[in-house]
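Accompanying notes for the structure given below.
Everything quoted here is computed from the prediction, not taken from an experiment. Indexing begins at 1, ligand by ligand and atom by atom, following the structure's order.
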Amino acid sequence: MHLSYSFIFLLLIIFMLEATITQAQGKSTLVSAIFAFGDSTADPGNNNYIKTPSRSNFSPYGRDFPNHVATGRFTNGMLIYDFIAKHVGVKESVPPYLDQSLSTEELKTGVSFASGGSGFDPLTPKISNVISISKQLENFEKYKEKMEAAIGKEQTQNLIKEALFIVSAGINDFVANYNTLPIRRINYTTSAYTDFLLQHVDRFLQELMDQGARKIAVANLLPMGCLPFVITLNSDIINAITKRDCIDSQSSIAQDYNFKLQNMLNDMQIRFAKLGSRIAYMDIYTPLVDMILGRKYDFEIVNRGCCGTGSVEFAFLCNPISFVCPNASKYVFWDSIHPTEKAYYLVSQALLPTIDSITKY
Ligand SMILES: *[C@@H]1O[C@H](CO)[C@@H](O)[C@H](O)[C@H]1NC(C)=O
Ligand SMILES: *[C@@H]1O[C@H](CO)[C@@H](O)[C@H](O)[C@H]1NC(C)=O
């Protein structure tokens, strides 16, 4: 008798706990879907379906997924926006739009249109033949048509209105384009080029809103001067092989861009508030620089990637015959450009208040 009373009591507690958890989940599910646009920081594998050297659907990419599956994400596991999708309660990870096998159910909770190597400058995606931002928007329009056919026009409109939009690009415009090719440098100073990029960001965001987007989060630039590849390229030989300190002049470019981006987004938020728009500035720079300078978090290696020598390899240079460090969680960077899953996870956690500010109100 005693036993069965405590058993019932236990069941009751479990039942109450479950009810509380379900309720809490119910409250946070104000987001219908997640859509991502941009570059490798948000591309879960769209580049697998196009002809480009900018790919990562081979080992050791994806090494820390179960079965080590190389999805096309440019890291050893998940991206920031996979973790955010999970946080807002829509799905465990965001699939690439170009995967033709996605079910209507999967499409309904969101996809990524991003393409590794892309940027806001229309010239940037041409360098590695990847999907431009304007083409990503066209793909979004096609997505909408597909959904209208599947679930109806009104439902699709609501879906878009309640969805979280993530925009994450800009680093390739500097690293692959402005710093590498002479074309833009002839016409633009760094500061003028920053303004040029931000005009494209502004136009893109307006087009997204024209398409019905209302909750939009835009990532800033990560500390560019601390990317292992940028350190290697911009150092004298001594720094390149010994200390590998960040290149402050390069991080300053990112800081200037970020400052202007934040002001621009604040202005847009004011201008578009009457539409019901919520536009947020996502600061990925600060958590990353905190990791790299050891101000917060506890990484052992901050100036080299886990793959290869860690100083130059990414995409096809980080491949099945590359040396790979045994434990990527000790590294901020997975290859010479892209953070590890561990770093991405910590950045995603730092972003949650920002995400909540535009999704819960
Ligand atoms: C950019 O530079 C080229 C060559 O110097 C020049 O012909 C062109 O007019 C410039 N474009 C702009 C937009 O200033
Ligand atoms: C990898 O490194 C992390 C961070 O130092 C540590 O917490 C974890 O236990 C390590 N994993 C293994 C398998 O050694």
Side-chain angles (χ1 to χ4, degrees), residues 40-45 56-87 92-94 116 168 171 219-232 239-246 251 282-315 317-355:
S40 57
T41 53
D43 179 4
S56 60
N57 55 341
F58 39 76
S59 161
Y61 286 96
R63 188 190 64 174
D64 293 299
F65 275 129
N67 305 323
H68 318 295
V69 52
T71 55
R73 285 172 176 79
F74 287 80
T75 185
N76 55 316
M78 297 284 195
L79 300 172
I80 294 173
Y81 310 107
D82 294 311
F83 295 118
I84 288 179
K86 191 170 171 177
H87 170 73
E92 292 290 310
S93 67
V94 186
S168 178
I171 201 76
N220 68 1
L221 286 189
L222 42 73
M224 195 156 77
C226 299
L227 301 183
F229 183 77
V230 172
I231 295 176
T232 307
N239 190 51
I241 59 179
T242 58
K243 283 167 52 200
R244 297 189 59 77
D245 285 334
C246 296
S251 292
M282 279 194 295
D283 181 12
I284 65 174
Y285 183 102
T286 305
L288 276 167
V289 89
D290 284 348
M291 288 172 208
I292 293 162
L293 301 183
R295 289 178 188 148
K296 255 195 204 175
Y297 313 107
D298 208 13
F299 286 91
E300 276 176 31
I301 315 282
V302 300
N303 54 13
R304 278 186 288 116
C306 165
C307 184
T309 63
S311 54
V312 289
E313 299 92 337
F314 65 95
L317 292 177
C318 170
N319 58 46
I321 60 166
S322 302
F323 163 82
V324 193
C325 72
N327 186 350
S329 297
K330 296 186 188 300
Y331 286 66
V332 173
F333 291 97
W334 166 250
D335 63 17
S336 68
I337 300 270
H338 304 99
T340 53
E341 177 187 61
K342 177 75 182 291
Y344 275 153
Y345 171 76
L346 293 170
V347 172
S348 77
Q349 297 308 294
L351 290 175
L352 296 184
T354 305
I355 296 299

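Put simply, the side chain of Thr232 never gets that close to the backbone of Ala240: no donor and acceptor are under 3.5 Å apart.
Looking at ligand 2, you'll find an N or O of Asn327 within less than 3.5 Å of one of its N or O atoms.
At the shortest separation from atom 5 (O) of ligand 2 among protein heavy atoms lies Lys330 NZ, 3.3 Å.
Between Asp335 and Tyr61, the side chains place a donor N or O and an acceptor N or O closer than 3.5 Å (distance only, hydrogens not considered).
For atom 7 (O) of ligand 2, the nearest protein heavy atom lies 4.0 Å or farther away. Within the 4.0 angstrom cut-off, atom 11 (N) of ligand 2 has one or more protein heavy-atom neighbours.
For the ring-ring contact (aromatic ring centres under 6.0 Å, His included) test, no residue two or more places apart in sequence or in another chain qualifies with Phe65.
Atom CZ of Phe299 has more than 12 heavy atoms from other residues, nucleotides or ligands within 6.0 Å.
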